[in-house]
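Okay, structure first, notes after.
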Amino acid sequence: MDYNFTEIEKKWQARWAAEKTFRAENTSSKPKYYVLDMFPYPSGAGLHVGHPLGYIASDIFSRYKRHKGFNVLHPMGYDSFGLPAEQYAIQTGQHPALTTEQNIARYREQMDKIGFSYDWDREVRTSDPEYYKWTQWIFIQLFNSWYNPRAKKAEDLSTLIHIFETEGFKGLSHDILTSDIEHELNGFTPAEWKTFDEKRRNDILMNFRLAYLGEAYVNWCPAMGTVLANDEVKDGVSERGGYPVERKLMKQWSMRITVYAQRLLDGLDKIDWTDSLKEAQRNWIGRSEGSSLRFSLKDREGSIEVFTTRPDTIFGVSFVTLAPEHELVDQITTAEQKKAVDEYVAFAKNRSERERQADVTKISGVFTGAYVGHPFTRKPIPVWVGDYVLAGYGTGAVMAVPAHDTRDHKFAGHFGLPRPQVIEPAAAHSFEEDAWGEKEGKLINSDFLNGLDVKAAIKKAIEEIEKLGIGKGKVNYRLRDAVFGRQRYWGEPIPIYYKNGIPHALSYEELPLRLPEVDKYLPTEDGEPPLARANNWKYKGEFDYETTTMPGWAGSSWYFLRYMDAKNDKEFVSKETADYWQNVDLYLGGSEHATGHLLYVRFWTMFLFDRGYINVEEPAKKLINQGMIQGTSCLVYRINGTQKIVSAGLKDKYETTPIHIDVNFADNNAVDIDKLKAWRDDFANAEFELESGKLICGNQVEKMGKRYHNAVNPDDMCNKFGADTLRLYEMFLGPLELSKPWNTNGITGVSGFLKKLWRLFYKDGNFVVNNEAPNKDELKTLHKTIKKITDDIERFSFNTSVSNFMICVNELTDLKCNKKEILEPLLVLISPYAPHITEELWEHLGHKESIAYASFPLFNEEHVKETSFSYPVSFNGKVRFNVEFDLSLSKEDVEKEVLTLEQTNNYLEGKAAKKVIVVPGRIINIVV
RNA sequence: GCCCUCUUAGCCAAACAGGCAAAGGCGCUUGUCUUAGAAACAAGAGAGUGCAGGUUCGAAUCCUGUAGAGGGUACCA
């Protein structure tokens, strides 16, 4: 009987599906273990071999945990709302639900071929109304909640209303505010609150809701016709598509993630995620400590509020700079300066983010003509506008201290503004060249701060600022609230309708609010989002619905909870089930989600925890980022201006242009010319110059995808080599977390390994496994392997496991071992990696039950223990010969023995040994 | 600019706490089988660990410097 992987794999995949082998139970006496993959967006291109890398790793771990006696939850689903399906719909008129459905079917077929142990009964799709019903439900929970800083948690709005009814609102200093800068809200008494009408009350509450409608500067992407969240913008262009993005003030649904900034930061210390990922989140949250500070305007009412981390440098302020978008710019600019300021603001606002970021080194700005007073010296300070100040951070205004801040230094230098020094640097420094920005040195020219060091001065300055009532010590975060509405069709409808201009949430019984049908997936003529096209789409036939939809990250912010209880139509997850599964034990996915999905899912988890629906605060205990698999592109070389293609080795003789060809045309870089000719017309008529009768192509490593014709399809690999070989090979490529190029050439090595494994069971078609008792060497090989594989899996070092399997099978082959007692545990060891072949051989050994729940072999040290060891004897670190000693000998005895040896004397050449180092079981080193 | 990671045979990689003479796979060479090729099986060659110092009885492993590659982030006051 030969190893026929096609038949075997089909057989076992069918059996696992029919017997629901990998179904997880929501109640069990076994300990639970939850392994989750970041779910895919089902694109039209299908999976390439890069996608399953993480899925294979997590599948190995899931299968390993089942062998170890855990009740394993290992689900899969689809993040099926999203832009590509919508873009396709715009082009073709085909409903995105339809293309999404087709793409999912394709993904599923591809995944099934690889033999994953998913519990498919728990599959979820974010675009399914039965799923997004609960996404909408959570949105409403957020809409009806606020963050109570006193309790340090989210609560129902009723507790806030209670505070208004009993305490009123004390204005900006009230301790129920999570931020004192963003709310332009006047105080009121409990009595006044009672007199407010619905609209007024609602406007006030809107400042506290965790899902809120607010005006904010957003990243507007004109080409896509939608706003984008900060994490969806990279280098000033949209992450998807690379379209320009500009800043625009818009009324938008947003998520008040900023109230969780501190907890999101603190929580990082309690979870086992990679350092780079935690660091990315810390930077994104961007906590900085400092002080708020108000500068009163000269000659008029009002003040400019700034945030600074260096209140100690207050006496070094020589000007104040506003962001071009700052609302005071218009109000304070003097008549003489109006023209210049208007021109500058227009220029700054119309620049795209990319342009602005591209020339950060160019300094631009303009004087407003207005002055503020220094809070301590009363001296007038000029107010400037400059686009190095960002509207979105802090208050959109800075106090400029040119001597001690690099950006202020440059700005002052450019416009000839003074740079008063207030800190004596701790090291030699030229203030002409640069600012002294270090938090080290002694304060000078600073009144009551003189003589203090920076740290003490910061403390003292904040005290004085608070005493004057012009500001207070505060913590600022770079993290912004997340814009939640998208002007697009293919997303969850936001479950809100408007009555007299007031937004109201739907009641829970009215969910899901289904996505309505529209005639086109484009904005309306007046620029309304596509949902505004829907006919008669009104709440109770009367009130307008919100027409923006939720962003891509909505559905993925809680899906790990839905898997626990995917079919529940009463709750998003039952309390009981959530208590059992708690959170994800192992989460696998790409690092590109560091500041998007992985921050949002932590936010929603904390919120649901606060509101008592779940009992964990973090979604995933451990997280591993798998590296990306890059493509190895194939290039042929055309001689410029001709139709002649030359082999790679000859290309340097001519002026050539490289052309990407489909990687499937090449076998070990030898191109199949017939396939190439059939592929494209320009090759059909081409001439070819060969080397040794072959057309050799060049290679280039780049992103895998359609664009470079370098995508390798896992189906092809499964058909040609089998899923087990593909699984092993993907792991064998290298460490999981490293990015590496795909190269099919090496796959025959692991394919050969499986054949060799098969031959331990079948020789010339005969089953050769016997029941003889294993000898010492065979047991040693087995147990050495058990130890290594167990360690490897626990460390997620799957590439080394594959090598260790090869070594083990090579050794057993050399030992001619066909003994059941050895081969049976070996099959269990290999089964997480190559589940089909091991199931088959397991059955051949006489088992009726699946191997999936066989217990993992235990390492027994007795079998690898040696009684003696052949010590390498080295002289000054150089190994000269080996000598065998009993391991029971003490260090001293070994030393004594080795010095009596004749060989030792030869190498000592008559000199005395200065020192003898004996490491038992490892080495002897003699220092001469 | 700042932060992080990596550098071991032609290629991918292992060596987990410094300790044998640096695994395994691909590719290559040779042989067996075969009409031939492929496959299979067997045998073999190939590195002193980017570079320069240092610590140590002993360094791929630790430290310093330096070069190269990759990733992240960037006017955050």
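In the text below, chain A, chain B and the rest are named by the order of the sequence lines, each starting its count at 1.
Nearest to the side-chain atoms of A:Arg795 among the listed nucleotides B:A13, B:A15, B:G19 stands B:A15. Closest to the side chain of A:Val919, out of B:G25, B:C20, B:G19, is B:G19.
What separates CZ of A:Phe805 from P of B:A14 is a distance of 16 Å, to the nearest Å. Between the CZ atom of A:Arg759 and the C1' atom of B:C41 there is a distance of 7 Å, rounded to whole Å. To the nearest angstrom, P of B:G71 lies 25 Å from NZ of A:Lys278.
Between the side chains of A:Tyr344 and A:Ser364, at least one donor N or O lies within less than 3.5 Å of an accepting N or O.
Residue A:Asn476 places no side-chain N or O under 4.0 Å from the OP1 or OP2 atom of B:A77. When the side-chain nitrogen and oxygen atoms of A:Asn283 are compared with OP1 and OP2 of B:C4, none of them lie within a distance under 4.0 Å. Phosphate proximity of B:A77 to A:Arg478: absent, as no side-chain N or O sits under 4.0 Å from OP1 or OP2. OP1 or OP2 of B:A40 sits under 4.0 Å from a side-chain N or O of A:Lys755. Listed pair A:Ser288 / B:A77 meets the phosphate criterion, a side-chain N or O lying under 4.0 Å from OP1 or OP2. Checking the phosphate oxygens (OP1, OP2) of B:C76, a side-chain nitrogen or oxygen of A:Arg407 falls inside 4.0 Å.
The same atom, C1', is picked in B:G25 and in B:C62; the two are 30 Å apart, to the nearest Å. Comparing B:U64 with B:C28, their C1' atoms are spaced 40 Å from each other, to the whole Å. Taking atom C1' in both B:G48 and B:A59, the straight-line distance is 12 Å, to the nearest Å. The gap from the C1' atom of B:A14 to that of B:U7 amounts to 15 Å, rounded to the nearest Å. Nucleotides B:U32 and B:A17 have their C1' atoms positioned 47 Å apart, rounded to a whole Å.
Classified by its glycosidic torsion, B:G44 falls in the anti category, the angle being over 90° from 0.
Using a 4.0 Å heavy-atom distance criterion, A:Ser874 is classed as making no nucleic acid contact.
Using N1 to N3 plus N6-O4 or O6-N4 for Watson-Crick, or N1-O2 and O6-N3 for G-U wobble, each under 3.5 Å, B:G65 pairs with B:C51. Pairing for B:C33 is absent, judged as Watson-Crick or G-U wobble with the two contacts each under 3.5 Å. The nucleotide B:C2 finds its pairing partner in B:G72, both defining distances of the Watson-Crick or G-U wobble pair being shorter than 3.5 Å.
No side-chain heavy atom of A:Glu730 sits under 4.5 Å from any side-chain heavy atom of A:Met717. Residues A:Leu268 and A:Arg282 are in side-chain contact: their nearest non-hydrogen atoms beyond the backbone lie under 4.5 Å apart.
For A:Phe415 and A:Phe319, the ring centers are positioned 6.0 Å apart or more.
If you run side-chain contact (heavy atoms from CB on, under 4.5 Å) between A:Pro375 and each of A:Ile314, A:Ile465, A:Val317, only A:Ile314 comes through.
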